[in-house]
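Whatever order the structure lists them in is the order used to number ligands and atoms, beginning at 1. The structure displayed is predicted, hence computed values, not measured ones. Computed over heavy atoms, backbone and side chain alike; hydrogens, waters and symmetry mates excluded.
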Amino acid sequence: MSILISEVGPRDGLQNVSAIMPTEAKKDWIKAEAAAGIREIEVGSFVPAKLLPQLADSAEIVAFARTIPNLVVAVLVPNARGAADAIRAGAHKITLPLSVSETHSLRNLRRTHVQVIEEARTIAGMISALPEDDRPHFEGSLSTAFGCTLEGSIPDSQIASLAAALMDAGCDEVGLSDTTGYANPVSVRHLIKLVRGTVGQNALTGIHLHNTRGLGLANVLAALEEGLDTIDSSLGGLGGCPFAPGASGNIVTEDLAFMLESMGLDTGVDLDKLFAVRSIIANALPNEPLYGFVTDAGIPLGFESRTGKAVLSA
Ligand code: ZN
């Protein structure tokens with residue numbers, strides 16, 4: 001079985017780092033990670049540069065990433081204006097977050113649920129007006145799905161109706177996002193069943209998990225057992241977690257790839273090449289801690305990756 005690791009470090013990682021990574025280093029990172037076998041990378045976010053100067057070069061990064069063969073170039077957009085920029089830049093996949101907590105949505109995007117759904121409808125309209133071959137894949141991401149720092153847990157009925165509303169507005173797919181690191185394996189299973197029961201099996205294939213409380217990989221396993229096949233993660237857990245010093249924010253890509261390959265699942269990733277990509281980040285952002293257990297401990301003696309190629313100790 002093949003699992004898609006969707007690298008989100010150049011977006012989720014860098015937006016949580018105050019230093020600005022030089023554009024050339026971002027390009028080197030994306031190129032090297034694609035060469036290590038990662039097939040999808042969220043390379044940026046189309047938000048105003050004054051809000052996130054770290055991602056101000058997203059259009060240039062998308063244009064560069066598109067030159068890499070067989071790489072799906074994904075981006076995040078906060079609204080229809082950002083989506084127009086993302087489409088112009090040539091993104092293959094566009095994700096619009098919808099916080100299922102309306103308080104969080106108002107604080108972060110300054111929009112009610114109804115307004116975000118309207119943005120989704122506008123974006124879907126823009127995409128459907130494009131020639132079929134040029135249409136990016138459009139995902140609505142249910143963020144704070146496992147609980148919100150402002151509202152606590154969100155009722156199932158609200159999550160289900162928002163998932164349905166995103167699909168009705170024209171999204172190709174919805175995703176689940178544990179923005180706050182509140183998920184556990186039982187709640188992961190529960191929400192996957194709930195949302196798939198509402199929008200259908202094929203309209204939920206991916207999950208975005210954080211490792212805030214150390215449950216990231218346990219939650220991945222629960223998601224895999226429910227049949228999801230796309231998992232977001234960040235190289236070196238870049239960006240950390242502002243609420244939990246010492247914890248990575250996103251799941252660490254290296255640990256995720258190692259776990260999946262250990263389980264006999266096919267990620268297409270060459271672990272040695274993947275681990276080597278860390279040096280690009282370390283050189284460009286020397287003050288940022290990088291996380292990862294397998295990169296610290298090394299590959300077990302005798303380990304063979306799914307590709308059958310023996311991997312040297314890191
Ligand atoms: Zn995230």
Side-chain angles (χ1 to χ4, degrees), residues 4-18 21 29 33 38 40-47 51-52 54-55 58 74-78 82 86 93-101 104-105 107-109 116 139-151 154 159 166 173-184 187-188 191-192 195 204-220 222-223 228 230-256 281 288-292:
L4 180 68
I5 295 176
S6 182
E7 169 66 45
V8 299
R11 196 278 304 168
D12 207 346
L14 288 178
Q15 81 174 45
N16 289 305
V17 169
S18 53
M21 184 184 266
W29 173 5
E33 203 168 335
I38 295 288
E40 180 174 299
I41 304 181
E42 194 171 72
V43 300
S45 181
F46 285 86
V47 290
L51 291 181
L52 277 181
Q54 302 96 315
L55 304 179
S58 288
V75 298
L76 201 79
V77 301
K93 181 178 174 185
I94 291 175
T95 297
L96 174 75
L98 165 62
S99 183
V100 299
S101 155
H104 185 264
S105 183
R107 288 265 180 103
N108 275 268
L109 297 169
V116 179
E139 180 182 308
S141 174
L142 299 159
S143 62
T144 66
F146 295 90
C148 166
T149 53
L150 304 165
E151 281 195 32
I154 306 297
I159 296 170
L166 281 170
E173 186 175 354
V174 295
L176 281 172
S177 182
D178 181 22
T179 318
T180 52
Y182 280 15
N184 64 63
S187 62
V188 166
L191 269 198
I192 292 170
V195 172
L204 173 65
T205 62
I207 192 162
H208 179 98
L209 294 162
H210 282 202
N211 195 39
T212 318
R213 292 172 178 79
L215 302 190
L217 289 179
N219 292 336
V220 168
L228 298 198
T230 302
I231 311 289
D232 289 3
S233 63
S234 173
L235 197 86
L238 182 69
C241 177
F243 319 107
S248 67
N250 294 109
I251 296 168
V252 175
T253 302
E254 299 90 313
D255 291 341
L256 173 65
I281 303 176
E288 284 303 318
L290 293 180
Y291 302 89

For S143 against T179, the heavy-atom pair lying closest together: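 What the structure gives for the nearest pair is CB-OG1, 3.3 Å.
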
Nearest heavy-atom pair of G237 and Y291: which atoms, and what distance?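 Scanning both residues, the minimum pair turns out to be O-CD1, 3.5 Å.
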
In total, how many protein N/O/S atoms does one find closer than 2.8 Å to the Zn ion (ligand 1)?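 Every protein N, O or S atom under 2.8 Å from the Zn ion (ligand 1) counted, the figure is 3.
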
So how far is it from M21 CE to I281 CD1, rounded to the nearest 0.5 Å?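 If I round to the nearest 0.5 Å, the distance is 5.5 Å.
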
Considering only heavy atoms from C-beta outward, does the side chain of [X] approach that of [Y] to under 4.5 Å?
X: F146; Y: V188; value: yes
X: V75; Y: R11; value: no
X: S233; Y: L256; value: yes

